Amino acid sequence: MPKPSVPSLPLIGETMSTDSTAVVASLPAPVASARPRLNRAGVILAFLSIYLIWGSTYLAIRYAVETIPPLYTAGLRHLTAGSILLAWCLAKRLRPTWSQVRASLIIGFFFFLIGHGTLHWAEQKVPSGLASLLIASEPIWVFLLSAAAARRWRWNGTLLAGILLGFGGVGLLMGRSALNSGPGVFIGSLAVVLGALSWSVGIVYSRRSHLSGHPLLLSALSLLAGSFQLLLVGTAVGEYRGFSFASVSLRSWLALGYLILFGSVVAFTAYNWLLEHYSPTLVATHTYVNPIVAVLLGWLFAGEAVTLNVLLSTVMVIGAVMLVDRGMARLPESS
């Protein structure tokens, strides 16, 4: 998956999540005087894309892994999306360097093999709404890991309140919703948290590596690197046993197609376009909306329970992300 916690370095892609195009790119903020007049309908559609499409990808993952092995699901999704983006880059005459290829292998490991691999595996058991809420706490992990890597801790009241509130929300989800939701849900929830941590490590690495290049190319390379790792590991752990394309349900095929076309291509294009015209902080508001959309869709279409505990956890986690965002913005610039 553009995180509120790192507004100066927008992420190209949705929240860890389900976003298959997450690469850190330093994009200059638009100059208001030079900004062309934008079509209002186009702007609204672009924001709706990153709000609704990315929020719906959690449910799509749940449907896809019903009859497609989870690592193969993620691998096929990212392979197709990465190939589309790479073809786009080649048409633009963009060529990768060896340093970009090496970095993409590392980013692909943390973002896609561990980050998305654990998410897709977990959603065989974990409700999509619960998974989205666990992942929404990711900006907290990004801050903590960034501070640990820099060996420099800087705090303020807003930031500390956000971290404590976020841990409280995650603890409430893990302690009640996950434990009481049936066999395998707690272990799956732990896997989702592991994936969020891995995604955060990838963000920290991306920021500290100072990798330069066109964001489209970096996204394509990371997607392809991650897809090859996912397919290789999926094969190594035996996902091919008993699997055949004929056994895949229509719903799983439609879900996989939705993830590729809308989650990885349409929404990514809208996100990239928005970053060219609006501040990363405004665009990153999708981080607050995506979990709400995921919880509502899981309740409406998959019968996922929305208990008082889930509603309270939703408020706590989203509130925590907003506080961490504001707290990070108030930190003094590094000298």
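Note that the structure is predicted; figures quoted are calculated from it, not measured. No hydrogens, no waters, no symmetry mates; every other heavy atom, side chains included, goes into these values.
L79 contributes atom CG, which lies 4.5 Å from atom OG of S227 (distance to the nearest 0.5 angstrom). Note that the OH atom of Y63 and the OG atom of S56 stand 11.0 Å from one another [nearest 0.5 Å]. In this structure, CG in L223 is found 11.0 Å from CZ in F228, a value given to the nearest 0.5 Å. To the nearest 0.5 Å, atom CZ of residue R154 and atom CZ of residue R330 are 15.0 Å apart. Atoms CZ and CD, from F112 and Q229 in turn, are 10.0 Å apart once rounded to the nearest 0.5 Å. We find the CD1-CD distance between I61 and E66 to be 12.5 Å, quoted to the nearest 0.5 Å.
Under the side-chain hydrogen bond (donor to acceptor under 3.5 Å, both in side chains) criterion, S252 pairs with T67, S249, sequence neighbours left out. In this view, Y258 and F262 satisfy the ring pair (Phe, Tyr, Trp, His ring centres under 6.0 Å) rule, not counting sequence neighbours.
Side-chain contact check for Y72 and T235: at least one donor-acceptor pair (N or O, by modelled atom type) lies under 3.5 Å. Side-chain contact annotation: S128 with E123, donor-acceptor N/O pair under 3.5 Å absent. With no hydrogens or angles considered, no side-chain donor-acceptor pair links N290 and Y58 at under 3.5 Å.
Formation of a donor-acceptor pair under 3.5 Å by the T118 side chain with backbone atoms of I114 is found in this model. When atom types are taken as modelled, the side chain of S198 and the backbone of L194 share no donor-acceptor pair closer than 3.5 angstrom. T73 contributes a side-chain N or O that, together with a main-chain N or O of I68, makes up a donor-acceptor pair within less than 3.5 Å. With Q100 contributing its side chain and T97 its backbone, the two residues share a donor-acceptor pair below 3.5 Å. S200 places no side-chain N or O within donor-acceptor distance of the main-chain N or O of W141, the cut-off being under 3.5 Å.
Within 6.0 Å of the CH2 atom in W253, the count of heavy atoms belonging to other residues, nucleotides or ligands exceeds 12.
W199 pairs in a ring-ring contact (aromatic ring centres under 6.0 Å, His included) with only one of the listed residues (F110, F111, F109), which is F111.
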